[in-house]
Amino acid sequence: MVRESEIREGEQAVEMPGTDDAGLVFIGRIRTPWTSRLEAPRQGRPDGPVCRLEIFEPWVPALKGIDLYEKLEVIYWLHLSRRDLVLQSPKNNKSTRGTFSLRSPVRPNPLGTSIVRLVGIEGATVLVRGLDCLDGTPLVDLKPDRCDFTPLAPPQAGDFETG
Ligand code: SAM
């Protein structure tokens, strides 16, 4: 069941620490068809709509080589989530689970991850299928899917010859 920011029966909130342990840099913005949490899918699907990852400068050159991969891992900041619940009632039925046993967007650091299919690249915009986040969600990182990742071969003799 989707929530806005309400606390449900049986849930437990804590006081958020006043300081941050790390500063994130948003590398872009995600464009999707969904403007409300009621509409967004719980998890993305490989046959879901094409969504756009708009990469900000100065990070655009970091896209070089991304076209080598069919699947990418997208990491994003679920910016509308509350962050202070340690016990949650996903079905709003008084039964609770700990936040770290759920993939709920409500968590101390509301990071979402999805494995997506690369559809295309248009300049500084990456087109993908398989997302579940709201339009305007900040983009934190983009990586090749672990399954697709082949370590680079070790350097060979002659790799660095200039003449
Ligand atoms: N796939 C990610 C994961 O597993 O880490 C996110 C899963 S989370 C269950 C997806 C839900 O988060 C959506 O159905 C929507 O209700 C909510 N959501 C999507 N974008 C959000 C945003 N920017 N801020 C807060 N909640 C969001």
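When a ligand or atom number is given, it counts from 1 through the structure's own listing order.
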Residues at least two apart in sequence or cross-chain that pass side-chain contact (heavy atoms from CB on, under 4.5 Å) with K91, listed by chain then number, are N93
4.5 Å side-chain heavy-atom contact, Y69 and D145:
no
Could you tell me if the side chain of L85 sits less than 4.5 Å from the side chain of R3, heavy atoms only?
yes
Please check if any side-chain donor atom of S89 sits under 3.5 Å from a side-chain acceptor atom of E11, or the reverse.
no
Please lay out, stage by stage, how Q88 and S104 fare under the test side chain to side chain donor-acceptor pair (under 3.5 Å).
CA-CA 9 Å; Q88 301 186 38; S104 160; 2.8 Å; yes
The residue among E73, K143, R103 that forms side-chain hydrogen bond (donor to acceptor under 3.5 Å, both in side chains) with T113 is R103
Residue by residue, ordered by chain and number, which ones reach under 4.0 Å of ligand 1 with a heavy atom?
R37, A40, P41, R42, Q43, Y76, L78, H79, L80, S81, R103, P105, G112, T113, S114, D132, C133, L134, T137
